[in-house]
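Positions are given from 1 along the sequence. Every number for a ligand or one of its atoms is a count from 1 in the order of the listing.
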Amino acid sequence: MSLIDRLGLSVPIIQAPMAGVSTPRMAAAVSDAGALGSIAVGNVDADAAARMMAETRALTDRPFNVNLFVHAEPRRDPAREATWLEALTPRFAAVGAAPPSRLGVIYRSFADDDAMLACLLADAPVVVSFHFGLPDAARIRALKGAGCLLLAGATSLDEALACKAAGVDAVIAQGWEAGGHRGMFDPDAEDDRLGMASLTRLLVARAGLPVIASGGIMDGRGVRVALDMGAVAVQMGTAFVACPESAADEAYRATLAGDAAFHTVMTRAISGRPARGLTNRFTEWGATTAAVPPDYPVAYEAGKALNAAARTAGETGFGAHWAGQGAPLARPLPAPSPPPTWSPR
Ligand SMILES: Cc1cc2nc3c(=O)[nH]c(=O)nc-3n(C[C@H](O)[C@H](O)[C@H](O)COP(=O)(O)O)c2cc1C
């Protein structure tokens, strides 16, 4: 049985999990419309994840996806962290603030989060997806034993083959144009920067798994093209950021609707990992500094602190305004709107 049939989808679209942007309300609206809604719990602890799953379940009887971050343990390097904070100090000073004196690990990886595993096994969502890597065999066995269908992101054939070897059910081919964090397992590895089309075709030919195309798909024609390339579904993020069900704030929405949408950039300066977002004062500064950010998510604590301080001073140009290259095509429609040019075969 195909993945789409197993999930009972009438529309082959997965609304991307977007930590801090997607919401239970968005996931439920998308799932109710026949696609697959997602909630992202990579940035919260197990208790908050349980609440988000309960909230989503209260809004829909349909399947939804719960997404986890499986990043490697950050290497702590006090000298690098101090240099980074020093480099950021003038940016903080410009908004009348000082950087934090120390940084920490703000997001726990699912790789060693037993409380999160227990919470998922108790709730057994129909779909669980992984970003930044794969958990160990025992966790995968446990989730499959609970009946969860497993998806994982890949930016290369090697990562896709690792997904297959681990027993994942389908792979999300994340192209270079995609908004948000690049899911590469090792952010310091060589990156061939394959676009959605090349990566999707490569994985369809060689990965031995159903492929979900992702990156730059903004409307029904994009969906159609991805399916014609052999993908079984698409995962779309940027297209949902401006929806009323999104948690994006006014500044983010305004930036997405403006000129910056034409100039997205991949930056490590905000979080310590490559991520694509709308150009703003933070990404511009990141392109000029010689300082090297600490590993993800350590650098993200500094990035979030700078954004919070700047906002207090009325400056919104330091937000993590993630968006992909298709950003100018984003429309502020309700999440369940059918793509205008979509028609099933
Ligand atoms: C605002 C935003 C936040 C994202 N957060 C996550 C996340 O928490 N987990 C995840 O697996 N992918 C996340 N992504 C990446 C998406 O899964 C997907 O790869 C990307 O949105 C596809 O490209 P597109 O934005 O051009 O549609 C995020 C993307 C955006 C735009």
- Query: At a 4.0 Å threshold, what atoms of ligand 1 neighbour a non-hydrogen atom of A16?
  - Reply: 16 (C), 17 (O)
- Message: Using a plain distance cutoff, I'd like to know if Q174 has any nitrogen or oxygen under 3.5 Å from a nitrogen or oxygen of ligand 1.
- Response: yes
- Task: Have a look at D295 and tell me which of H71, R273, R268, R80 forms a side chain to side chain donor-acceptor pair (under 3.5 Å) with it.
- Result: R80
- Item | Non-hydrogen side-chain atoms of S22 and F240 separated by less than 4.5 Å | no
- Going by the order shown, which atoms of ligand 1 are within less than 4.0 Å of some heavy atom of F69? 7 (C), 8 (O), 9 (N)
- The option among T238, I172, N67, N65 carrying the non-hydrogen atom nearest to atom 9 (N) of ligand 1 is N67
- Item | 4.5 Å side-chain heavy-atom contact, V70 and R139 | no
- Item | Numbering as shown, the atoms of ligand 1 that approach W322 to under 4.0 Å (heavy-atom distance) | 1 (C), 2 (C), 31 (C)
- Going by the order shown, which atoms of ligand 1 are within less than 4.0 Å of some heavy atom of S214? 18 (C), 19 (O), 20 (C), 22 (C)
- Item | Identified side-chain contact (heavy atoms from CB on, under 4.5 Å) counterpart of S38 within the set I14, V30, L151, V127 | I14
Return all side-chain donor-acceptor pairs below 3.5 angstrom for residues 302-311, not counting sequence neighbours, or 'none' if the list is empty.
residue	atom	partner	partner atom	Å
K304	NZ	Y107	OH	3.0
N307	OD1	G319	N	3.3
R311	NH1	D249	OD2	2.9

- Heavy-atom contacts under 4.0 Å between A40 and ligand 1: side chain, backbone, both, or neither? side chain
- Item | For atom 5 (N) of ligand 1, closest protein heavy-atom neighbour | M18 CA, 3.2 Å
- Message: Quick check on contacts: which atoms of ligand 1 are under 4.0 angstrom from a heavy atom of M236?
- Response: 27 (O)
- Any idea which atoms of ligand 1 are less than 4.0 Å away from a heavy-atom of A19? 5 (N), 7 (C), 8 (O)
- Given that the side chain starts at C-beta and the backbone is N, CA, C, O, which of these parts of Y252 lies under 4.0 Å from ligand 1, counting heavy atoms, or is it both or neither? side chain
- For atom 17 (O) of ligand 1, the closest protein heavy atom turns out to be Q235 NE2, 2.9 Å
- Below 4.0 angstrom from a heavy atom of G216, which ligand 1 atoms are there? Numbered from 1 as shown, please. 23 (O), 24 (P), 26 (O)
- Query: If you measure from atom 20 (C) of ligand 1 to every heavy atom of G183, G179, A247, G180, which option wins on shortest distance?
  - Reply: G179
- Task: Please confirm whether Y296 and H181 have ring centers closer than 6.0 angstrom.
- Result: yes
- Item | Heavy atom of the protein closest to atom 7 (C) of ligand 1 (residue, atom name, distance) | P17 O, 3.1 Å
- Query: Would you say V128 and I140 are hydrophobically clustered, going by side-chain heavy atoms of ILVMFWY under 4.5 Å?
  - Reply: yes
- Message: According to salt bridge (charged side-chain N to carboxylate O under 4.0 Å, His left out), does anything in residues 191-216 pair up with another residue at least two apart or in another chain? List the pairs.
- Response: R182-D191
- Item | G215: numbered ligand 1 atoms lying under 4.0 Å from its heavy atoms | 22 (C), 23 (O), 26 (O)
- Protein heavy atom at shortest distance from atom 27 (O) of ligand 1: G237 N, 2.9 Å
- Decide yes or no for L256 and H321: does some side-chain heavy atom of the first lie under 4.5 Å from some side-chain heavy atom of the second? no
- Message: Within the 4.5 Å heavy-atom criterion, are C148 and P125 side-chain neighbours or not?
- Response: yes
- Task: Kindly indicate whether a cation-pi arrangement holds for R91 with F318, taking the cut-offs as under 6.0 Å to the six-membered ring centre and within 45° of the axis.
- Result: no
